[in-house]
Every structure is written in C-alpha cells, then in structure tokens.
Amino acid sequence: MPDLIMSVRALMNDQFIADVGPTTFLNVPDGAMPLPAHAIPAAQWYQSILQAAAWKNSNGEQRGDILFIIHGYNMSEKEVIARHRRLKKDLINEGFLGVVVSFDWPSDDKALAYLPDRHRAKLTAMQLVSDGIRKLSELQTPSCKINIHVIGHSTGVYVIREAFDDADDTQLPNSSWGISQIIFAAGDVSSASMSVGDSGAESVYLHSVRLTNYFSRHDEALDLSNVKRIGNAPRVGRIGLPADAPSKAVNVDCTAYYEKLTTPGTLEANLDQVNGFVGMQSHSWYFGNRMFTLDLLSVLIGTDRMVIPTRSVSADGKFLLQHIDKPVPPPKAP
C-alpha cells in the first residue's frame with residue numbers, strides 16, 4: 001500500500017526543503033522517496049485514509065483506526081519515511097488493521113539545528129489539527145467510528161502540545177474534534193509543562209481519551225548535559241509525566257528494559273531488536289523494537305492498561321515495559 005504523508009515543508013526546484021510551506025497531501029508509492037509529484041487533492045487523500053482505516057471488529061461491527069506519526073528534530077525526509085515504514089510494517093505484522101499516516105514538519109538534517117527546528121515545529125504545529133485531525137473528524141459517518149491516534153517522538157511531542165494549544169486558542173470551528181490515544185515516546189517537552197494546570201497540557205488532556213508516555217532515564221538526547229539540545233528542565237521522555245497528571249495519563253518506564261536490551265546475551269538483546277537500531281540508540285530504539293510495538297498496539301486498540309501483557313507493575317504501582325518470551329495476542333478491540 002502507498003504511504004500517506006501530510007507534508008508542511010516548502011518547495012524549491014521540485015523538491016521539499018527544511019522550511020515552512022503549505023500543506024501538501026502525498027500518496028507515496030511503496031519504496032519511493034516523498035516528492036511533490038506525489039501530491040494528490042486533499043479530498044482524495046482524506047478518502048484514501050478513511051478507506052484504509054476501516055475494518056470490522058470481532059462482532060462484525062465497523063471500526064476505523066488512524067495513527068498519525070509526528071517525527072522529531074534533525075530528521076531528513078529519507079529518515080522520516082524510513083521510520084514511518086518501519087513502524088507501519090511492525091504494527092501490521094503484529095495485527096494492526098488501521099492506517100498509519102506521517103505528519104512531516106520541516107526539520108533539518110543538521111545535528112546543531114535544534115533551535116531552528118523547534119521554531120519551525122511551532123510554526124507548523126497548527127496544521128496538524130486544522131488540515132489533518134479536524135478534517136478527518138468531520139468526515140466520520142455514524143456507521144463507522146474512526147479512532148484517530150497520534151504518536152509523537154522527541155520534538156514531535158512538542159508539535160502535538162503546541163498544535164492542541166493553538167487550536168484551542170484560535171477557537172477552530174468544530175471544537176468537538178478529539179483524539180482517542182495520544183502516545184509520547186522520548187518526548188522533548190519538560191515534565192512540568194504536562195502538569196494539569198498548564199494551559200498547553202490542558203488542551204492535550206481535554207481532546208484525548210488517554211495519554212501514554214514512554215520514557216527512559218538512559219535517553220542521552222534528553223540529558224540536560226547534551227549540548228545539541230537547549231533546555232534546563234527535565235524532559236518528559238527522561239523522567240516521566242509529573243505527579244499531578246490526570247488519571248487518563250499513564251507513564252510506562254522503559255529504563256530497566258533498555259538496560260537489558262543493550263546487555264549482550266539477554267533475551268531482550270537477542271530477540272527484541274532484530275533489525276538493529278536507528279538514529280541515536282538510547283533515544284530512538286522504540287522504532288523496530290517488538291515489545292514497544294506490541295505495547296503500542298494494545299494501547300491503540302484500547303486494551304485496559306492493567307492487562308497489557310508487555311507491562312509489569314512495580315511495588316509502588318508503576319508500569320514497566322518488559323520482555324515476554326511468547327507474545328500473547330492482544331485482546332480483541334471493542
């Protein structure tokens with residue numbers, strides 16, 4: 001199936017560049033690099049997504065699932081599409097029946113471009129809601145409930161937070177738009193900014209059914225000493241959500257799991273990352289990791305957080321990502 005991409009990169013000489021541009025809706029052939037020539041009319045793009053998203057649950061009832069991926073900083077178009085395809089393939093292999101879509105904001109593939117990237121992320125965030133989520137929400141039909149989910153990696157979490165906040169501040173039409181599952185992985189926003197009293201966090205919590213935050217204290221990209229990233233507050237992808245986050249928000253601590261994943265000879269190292277790592281290992285290991293994919297799938301189909309098999313519960317009641325030798329198929333989606 002072609003890859004569906006929503007690009008907000010500018011165009012120059014028939015190529016996308018790392019600058020802010022209008023929304024372009026792409027239908028990219030399998031294996032090809034995204035090009036402006038792959039653009040299709042918005043209405044056709046929306047219908048392609050809705051058709052690909054639809055499936056029937058175990059009761060024969062119509063349902064649909066759309067997962068938007070929002071990438072992080074320092075990402076070229078080649079890296080964006082590669083990670084899109086990696087997560088898409090992994091989810092489908094584990095039984096995901098919906099459609100995966102990428103929101104490609106204009107990051108640059110330069111290691112020290114953190115601040116310019118973050119500025120462009122802010123400028124384009126609104127288009128995620130105005131041209132993507134809200135439009136698809138409006139096209140739902142009573143006979144087929146479409147569940148829209150969003151996963152942000154790294155600076156992609158900042159895009160989500162800014163997009164939801166801006167959408168509420170500007171009072172977009174159809175304010176009833178909403179998200180089923182929001183997923184943060186290695187999120188590059190401060191933990192304090194996701195406090196329940198923060199205006200930006202308030203919009204995220206208001207428009208979602210559940211938020212799941214995957215974090216690891218071994219994330220080198222989010223280490224306060226990392227000179228490529230400027231910010232003096234501990235990040236949500238390194239220490240987790242704040243204590244006053246609402247009950248709909250849950251942390252999944254990946255710290256101990258990552259230790260085993262990177263220890264030679266363990267089951268985690270031998271079985272869970274068979275295609276290797278992409279990008280900075282401690283920051284981007286989520287892509288291509290089978291336990292993360294299985295856990296994510298359970299989240300997307302709405303499995304109760306207490307019975308997801310790829311999690312254990314610590315003595316103080318915290319969720320920990322874990323390896324399971326014989327992966328148990330997730331419960332059937334409602």
Side-chain angles (χ1 to χ4, degrees), residues 1-9 16 18 26-35 38 49 52 66-94 96 98-111 113-114 117-118 120-121 124 128 132 149-160 181-188 212-216 219-222 228-229 237 254 258 261 272-297 299-300:
M1 176 184 174
D3 294 297
L4 295 161
I5 310 293
M6 180 180 169
S7 175
V8 290
R9 294 179 184 261
F16 290 112
L26 304 176
N27 189 1
V28 183
D30 188 33
M33 278 289 295
L35 295 170
H38 298 140
I49 289 177
I66 302 168
L67 174 63
F68 275 91
I69 306 173
I70 299 92
H71 63 81
Y73 104 104
N74 187 25
M75 294 281 290
S76 67
E77 296 157 79
K78 182 178 180 180
E79 291 171 312
V80 169
I81 193 66
R83 294 194 188 183
H84 167 97
R85 287 169 175 157
R86 175 77 274 164
L87 186 57
K88 172 184 169 182
K89 180 179 180 181
D90 288 350
L91 281 170
I92 290 173
N93 286 345
E94 300 299 345
F96 182 61
V99 65
V100 176
V101 181
S102 271
F103 177 77
D104 184 16
W105 58 275
S107 62
D108 204 353
D109 58 346
K110 295 180 175 62
Y114 180 79
D117 266 9
R118 203 164 178 87
R120 288 188 289 264
T124 56
L128 171 64
H149 318 287
V150 179
I151 180 170
H153 176 253
S154 188
T155 312
V157 170
Y158 175 70
V159 173
I160 294 171
Q181 307 292 332
I182 294 180
I183 299 97
F184 292 174
D188 190 9
T212 303
N213 178 59
Y214 297 90
F215 75 97
S216 167
D219 195 321
E220 296 175 11
L222 302 181
K228 296 178 184 177
R229 192 189 62 76
C254 304
Y258 180 77
L261 182 66
D272 293 353
Q273 202 94 20
V274 295
N275 293 303
F277 297 94
V278 296
M280 180 182 287
Q281 179 175 301
S282 65
H283 189 55
S284 301
W285 63 269
Y286 303 93
F287 294 91
N289 182 273
R290 192 172 185 215
M291 294 307 113
F292 170 73
T293 304
L294 285 167
D295 200 277
L296 173 61
L297 178 60
V299 170
L300 295 178

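The model shown is predicted, which means the values in this text are computed figures rather than measured ones.
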Which heavy atom in Trp105 sits nearest to a heavy atom in Gly72, and how many Å separate them?
-> CZ2-O, 3.3 Å
Inter-residue atom distance Tyr73.OH - Ser154.OG, 0.5 Å rounding | 7.5 Å
Compare all side-chain heavy atoms of Ser102 with those of Asp3 and state whether any distance is below 4.5 angstrom.
-> no
Taking the side chain as every heavy atom from C-beta outward, state whether Ile183 and Leu300 have any atom pair closer than 4.5 Å.
-> yes
Test the Arg9-Phe16 pair against the cation-pi criterion, namely NZ or CZ under 6.0 angstrom from the six-membered ring centroid and within 45° of the ring axis.
-> no
Straight-line distance of Arg85 CZ to Ile69 CD1, nearest 0.5 Å | 11.5 Å
Short side-chain to backbone donor-acceptor contact, Arg86 and Gly288, under 3.5 Å = no
Closest approach of Pro106 and Ala18, non-hydrogen atoms and distance?
-> CB-C, 3.9 Å
Heavy-atom side-chain contact between Phe96 and Leu87 under 4.5 Å | no
Between Asn74 and Glu79, the two heavy atoms sitting closest are O-OE1, 3.5 Å
Verify side chain to side chain contact (heavy atoms under 4.5 Å, CB included) between Leu297 and Leu91, making sure each step is shown before the conclusion.
-> CA-CA 7 Å; Leu297 178 60; Leu91 281 170; 4.3 Å; yes
Could you tell me whether the side chain of Phe292 reaches within less than 4.5 Å of the side chain of Gln273, counting heavy atoms only?
-> no
Going by heavy atoms in the side chains, are His149 and Val299 under 4.5 Å from each other?
-> no
Once the angle between the rings of Tyr286 and His153 is folded into 0 to 90°, is it parallel (under 30°), tilted (30 to 60°) or perpendicular (over 60°)?
-> perpendicular
How far does CG of Leu294 sit from CG of Asn93, to the nearest 0.5 angstrom?
-> 10.5 Å
For Ile81 and Ala32 the tightest heavy-atom approach is CG1-O, 4.4 Å
Report yes if some heavy atom in the side chain of Glu94 is under 4.5 Å from a heavy atom in the side chain of Arg290; otherwise report no.
-> yes
Among Ile160, Val101, Ile182, Val99, the one residue meeting side chain to side chain contact (heavy atoms under 4.5 Å, CB included) with Phe68 | Val101
Ser107 side chain reached by Arg120 side chain, heavy atoms, under 4.5 Å | no
Please determine, by modelled atom types, if Tyr214 and Asp295 share a side-chain donor-acceptor pair under 3.5 angstrom.
-> yes
Atom pair NE2 (His71) and OG (Ser76), whose distance is rounded to the nearest 0.5 Å = 9.5 Å
Could you walk me through whether Tyr258 and Gln281 pass side chain to side chain contact (heavy atoms under 4.5 Å, CB included), step by step?
-> CA-CA 10 Å; Tyr258 180 77; Gln281 179 175 301; 3.2 Å; yes
Search all heavy atoms of Val159 against all heavy atoms of Ala121 and return the closest pair with its distance.
-> CG2-CB, 3.7 Å
Taken to the nearest 0.5 Å, the spacing of Ile151 CD1 from Phe184 CZ works out to 10.5 Å
Minimum heavy-atom separation for Asp104 to Glu77, with atom names?
-> OD2-CG, 4.2 Å
Any chance you could measure Trp285, atom CH2, to Met291, atom CE, to the nearest 0.5 Å?
-> 10.5 Å
Is any side-chain heavy atom of Arg83 less than 4.5 Å from a side-chain heavy atom of Ser284?
-> yes
